[in-house]
Structures are given as structure tokens and as C-alpha cells.
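Shown next, in C-alpha cells, is the structure this report addresses.
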Amino acid sequence: MSLTIINFGREGLLPIETTARLKAVYQPAPILGFVSHKLIPGLRDASREAGCDLLVANSALVLRLAQLVAHLAPLDGSVAQIVEAEEFADETDGAG
């Protein structure tokens with residue numbers, strides 16, 4: 001299974017539009033977005049509507065990339081476990 005990781009904080013990338021286009025072409029591939037934790041509240045709904053499966057803070061991506069990838073793109077080819085991956089996106093334990 002493949003996984004697309006998009007920096008939602010990168011100027012000029014147009015992450016919402018890019019996500020929607022990728023989802024239209026590569027529907028089954030999960031999309032993991034990352035951005036400053038301060039921007040997540042303003043981007044969460046739009047990113048989901050565009051097809052982003054999980055939007056995490058930069059710090060969560062750095063600290064927990066291996067766990068996020070293991071759940072979103074399992075090596076055994078099984079379906080992405082998005083709900084399980086969400087627990088690694090939690091910012092309340094000091095990662096945010």
C-alpha cells in the first residue's frame with residue numbers, strides 16, 4: 001500500500017487542492033497531512049473534505065512517523081487503520 005504525505009504549511013503548494021486531486025486519482029491511498037499545531041483547527045475540516053485521512057502537528061510527525069506509517073500503510077497490505085493512527089496524532093502528551 002502507498003501513502004502520500006503532504007506539508008499543509010508549505011506556501012505555494014495549495015495543499016487542499018493537491019489533496020483533492022490526489023484523492024481523485026489515487027483513491028485508495030491514504031493521505032497524511034502535517035502542519036503547525038496552531039493551524040490545525042483552521043485546516044482540519046477543509047483537509048478532511050478534500051480527502052486528507054489524517055492531519056497531524058509537525059511535532060507528531062517527527063516524533064511518531066514510524067507509528068503513523070505502520071497504521072496508514074501497513075506492510076502486510078491490509079487496509080489502513082486510520083482510527084488507530086489518530087491516537088499517535090494526539091498533542092496532549094507534550095508532543096504538540
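Throughout, residue positions are numbered sequentially from 1 according to the sequence presented.
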Where [X] and [Y] come nearest, the two heavy atoms and their spacing:
X   : Y   : answer
P15 : F8  : CB-CD2, 3.5 Å
A50 : I16 : CB-O, 3.5 Å
L72 : P30 : O-CG, 3.1 Å
F34 : N58 : CD1-OD1, 3.2 Å
V79 : P74 : O-CG, 3.8 Å

For the atom pair [atom1] ([X]) and [atom2] ([Y]), what is the distance rounded to the nearest 0.5 Å?
X   : Y   : atom1 : atom2 : result
E87 : R64 : CD    : CZ    : 10.0 Å
R44 : E49 : CZ    : CD    : 13.5 Å
D45 : C52 : CG    : SG    : 12.0 Å

- For side chain to side chain contact (heavy atoms under 4.5 Å, CB included), just list the numbers for I6 and L22, CA-CA rounded to whole Å, side-chain angles, deciding distance to a tenth of an Å, and then say yes or no. CA-CA 11 Å; I6 297 178; L22 284 169; 3.7 Å; yes
Quick one: does [X]'s side chain have a donor or acceptor within less than 3.5 Å of a partner on [Y]'s backbone?
X   : Y   : result
D53 : L32 : no
K23 : A29 : yes
T18 : L13 : yes

- Under 4.5 Å between side-chain heavy atoms, hopping through other hydrophobics if needed: is there a path connecting V62 to V69? no
- Does the side chain to side chain contact (heavy atoms under 4.5 Å, CB included) test come out yes or no for L54 and E86, once each step is laid out? CA-CA 7 Å; L54 185 59; E86 286 176 345; 3.5 Å; yes
- Evaluate side chain to side chain contact (heavy atoms under 4.5 Å, CB included) for I5 paired with L65, printing each intermediate quantity in order. CA-CA 10 Å; I5 301 174; L65 181 59; 4.2 Å; yes
